[in-house]
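For reference, the structure discussed in these notes is given below.
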2 protein chains.
Amino acid sequence: MGRLKEFDEDKAIDGAVACFWARGYEAASVRELADHMGIGGASLYNAYGGKRALFVAALARYADRSFRERIARLETGRRPKQAIEAFLAEIIDRSLKDRDRKGCLLVNSALDVAPHDSGIGEVVADYLGEIRAFFRRNIVAAQAAAQVPADIDAEETSGHLLGVLLGIRVLARTQPHRETLEAVVRPALRLLDTRPVGKPRRGRK
Amino acid sequence: MGRLKEFDEDKAIDGAVACFWARGYEAASVRELADHMGIGGASLYNAYGGKRALFVAALARYADRSFRERIARLETGRRPKQAIEAFLAEIIDRSLKDRDRKGCLLVNSALDVAPHDSGIGEVVADYLGEIRAFFRRNIVAAQAAAQVPADIDAEETSGHLLGVLLGIRVLARTQPHRETLEAVVRPALRLLDTRPVGKPRRGRK
DNA sequence: ATAATTCTAGAACAACTGATACAGAATTGT
DNA sequence: ACAATTCTGTATCAGTTGTTCTAGAATTAT
């Protein structure tokens, strides 16, 4: 019983994501947030409790709509090695299309708010862990399918790929040029290539 | 002529660096800054013009005291390949010692303020370019000294190393564990190793 | 209809924001 | 000594911050 909510909760949380994403946690004011969400300030506090709680909800929404969706999509109907390659290629494409350079909300949060708020820090760390698990899982699967060298360390390599991914998202904020970003990724992907024998490297002993 | 400045300008700008570093550009208020600098608000505006101009000065100070100092120190009395390795090792050590997880002011700025302020964005991009140039320069030198395989692309590899470096500084904000960070770097440094022949990789054709 | 409950709009809260005004103190050249 | 100039502490500016309050509108169970 009681009066019914008049606003669309999905639209509202999406508006919050957009606002936090574009402005950052601190810079996004409650009034800006409410405007983007299409609700009044009182409704925001009534429905979410406050700015911080809203941010946690927005982060969860972002995680679902961005990397979890991408992981689910790329991991079906694709061989594991191609899933990894497609993931990184998509990040580069997204970074280049991102005209207003909002970057990745997760990465932004890892630097902006995580260090000042251990609770959110753990949430962000968990999300990053999910991405790393995607890499690790597909490396192992690719090794089983003989797509990827059997002697590389899946644990180590997944960490490397996550690091490279984060580096790209930082670089893209100041230098969103395709060649720059692809140069960062290329050596990482080469780790997954089986080494050719017919074309020996110069410089070997 | 006129009244002399009563505060130590070096101490003041160092205080500004510390404040911007710990709190971020937006969160650092002019009053907090003035306190950390040991001066009054009027002196801050008189000496630096305003918050933004002070930030640009603080960034320059930080660049000199952090990575330029490191580059100069590591590049003397060290072979080029060891200079690169030492640089990355130092970043990891610094990230682990950084108890309050301030991270790197340059990286923080690249995400916080650069996208909303193209002027500062260019400044940050230039600083990142200096670090990349350090990598490139030492890769080329190491190749000339046969320390590093001659067939790797110095342009591409320097970009990769910069990306990995930025990735580490992001990861360290949420997961400052040595093993995590070293796992990110290890495959990158392996690019610089001359490939052993006596110990062939499994999985090769 | 009435009670109970939940939502909404808008005003209000104290605290803080970057920036400026002002008066006075300190310095140098004349 | 005097004018000219520059620095400094304090007060102040209008505007914004996250949050709360108040009054009333809308809903369901009885």
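Chain identifiers are assigned alphabetically (A, B, ...) following the order of the sequence lines, protein sequences preceding nucleic acid strands; residue numbering begins at 1 within each chain.
With 3.5 Å as the limit, one finds a donor-acceptor pair spanning the side chains of B:Asn108 and B:Arg173.
Under 4.0 Å is where a charged nitrogen must lie from a carboxylate oxygen, and between A:Glu69 and A:Arg73 at least one such pair does. A salt bridge does not link B:Glu85 with B:Arg78: none of the charged nitrogens is closer than 4.0 Å to a carboxylate oxygen.
Annotation: A:Arg65, atom CZ; neighbour count of heavy atoms from other residues, nucleotides and ligands within 6.0 Å does not exceed 12.
Scored by the side-chain hydrogen bond (donor to acceptor under 3.5 Å, both in side chains) test, A:Glu156 finds B:Arg186, B:Arg190 as partners (sequence neighbours excluded).
At whole-Å resolution of the value, CG in B:Asn46 and P in D:dT8 are 7 Å apart.
Within the structure, every pair that satisfies the ring pair (Phe, Tyr, Trp, His ring centres under 6.0 Å) test and touches residues 83-110 of chain A, not counting sequence neighbours, is listed here: A:Phe87-A:Phe134, A:Phe87-A:Phe135. Counting only residues at least two apart or on different chains, the side-chain hydrogen bond (donor to acceptor under 3.5 Å, both in side chains) pairs with a member in residues 115-125 of chain A are A:Arg52-A:Asp117.
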Give every pair of a protein N or O atom and an N or O atom of nucleotides 26-30 of chain D that lie under 3.5 Å apart, one pair per line with the distance.
residue : atom : partner : partner atom : Å
D:dT27  : O2   : A:Gly2  : N            : 3.3

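Residue A:Phe20 comes nearest to A:Ala28 through the heavy atom pair CD2-CB, 3.9 Å, listed as atom of the first residue, atom of the second, then distance. Of all heavy-atom pairs spanning B:Ala47 and B:Lys5, the tightest one is CB-CE, 4.0 Å.
The outermost nucleotides of DNA chain C lying under 4.0 Å from heavy atoms of chain B, listed 5' to 3', are C:dT17 to C:dG29.
Residues from residues 14-40 of chain B with heavy atoms under 4.0 angstrom of DNA chain D, sorted by number: B:Arg31, B:Gly40.
In this structure, A:Glu26 contributes its side chain and B:Glu26 its backbone to no donor-acceptor pair below 3.5 Å.
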